[in-house]
Amino acid sequence: MNLKKFILLLPMFLLLLGCPNDDDMFTPEETELENVTYEVILFEFTPDTGNNTSRLRYEIKFSNPNDFAINGFHKITINADGIISSNIATDSSPCYLIGANSDCTINFDEEDSFDIGMVNSIELVSVEYNFEN
């Protein structure tokens with residue numbers, strides 16, 4: 001075989017022989033994905049701060065027990081005087097990416113004027129962390 005044919009055929013052989021077969025391929029189904037856990041470090045609602053405002057503060061720590069980084073969205077659901085609402089994260093929110101065997105904490109601290117309306121109580125209903133598909 002002359003050198004020119006060898007040089008033309010070498011990349012094709014490397015490509016064919018270098019690719020893993022289906023048995024060697026990694027599939028996500030083979031890895032057991034553990035759920036992210038959470039801890040509510042702080043959840044505090046002050047109905048009247050004395051400044052014509054109410055204040056909601058919370059701090060929630062998410063823990064990724066997996067040996068690999070994960071992407072996902074947290075969802076915080078609250079009940080404000082009987083009205084249920086949820087704050088759903090985006091891909092630019094804190095804790096969208098949590099490293100392998102790591103923790104990530106979100107913080108929320110907001111005051112709302114009584115001009116909008118007065119809320120008497122806010123309760124935490126649920127915390128979720130959903131993996132990105």
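Residue numbers start at 1 and run along the sequence shown. This one's a predicted model, so the numbers in the text were calculated from it and none came from an experiment.
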Would the Y96 and F73 ring centres measure less than 6.0 Å apart?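 Between Y96 and F73, the centre distance is under 6.0 Å.
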Taking side chain to side chain contact (heavy atoms under 4.5 Å, CB included) as the criterion, tell me which of V36, V40, N35 meets it with Y38.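 The residue from V36, V40, N35 that satisfies side chain to side chain contact (heavy atoms under 4.5 Å, CB included) with Y38 turns out to be V40.
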Out of I70, T105, I98, D103, which one pairs with F62 under the side chain to side chain contact (heavy atoms under 4.5 Å, CB included) rule?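 With F62 as partner, side chain to side chain contact (heavy atoms under 4.5 Å, CB included) holds for just one option, I98.
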As an exercise, state the distance from [atom1] of [X] to [atom2] of [Y], rounded to the nearest 0.5 Å.
{"X": "N66", "Y": "S102", "atom1": "CG", "atom2": "OG", "answer": "11.0 Å"}
{"X": "M118", "Y": "D112", "atom1": "CE", "atom2": "CG", "answer": "12.5 Å"}
{"X": "E110", "Y": "S54", "atom1": "CD", "atom2": "OG", "answer": "9.0 Å"}
{"X": "N107", "Y": "I41", "atom1": "CG", "atom2": "CD1", "answer": "8.0 Å"}
{"X": "I122", "Y": "N79", "atom1": "CD1", "atom2": "CG", "answer": "9.0 Å"}
{"X": "D67", "Y": "E34", "atom1": "CG", "atom2": "CD", "answer": "8.0 Å"}

For [X] and [Y], which heavy atoms make the closest approach, and how far apart are they?
{"X": "D81", "Y": "V119", "value": "OD2-CA, 3.3 Å"}
{"X": "H74", "Y": "P94", "value": "CE1-O, 3.4 Å"}
{"X": "L56", "Y": "F108", "value": "O-CD2, 3.6 Å"}

With a 4.5 Å limit on heavy-atom distance, are the side chains of [X] and [Y] in contact?
{"X": "L124", "Y": "F45", "value": "no"}
{"X": "N120", "Y": "P47", "value": "no"}
{"X": "Y129", "Y": "N64", "value": "no"}
{"X": "Y58", "Y": "N87", "value": "yes"}

Which residue in the set T46, D109, D48 passes side chain to side chain donor-acceptor pair (under 3.5 Å) when paired with R55?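 Result for side chain to side chain donor-acceptor pair (under 3.5 Å) with R55: D109.
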Should F131 and I76 be counted in the same cluster of Ile, Leu, Val, Met, Phe, Trp and Tyr side chains packed under 4.5 Å apart?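 F131 and I76: one cluster.
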Could you give me the CA-CA distance, side-chain angles and deciding distance for T49 and F114, then say whether side-chain contact (heavy atoms from CB on, under 4.5 Å) is met? CA-CA 10 Å; T49 63; F114 291 157; over 6 Å; no
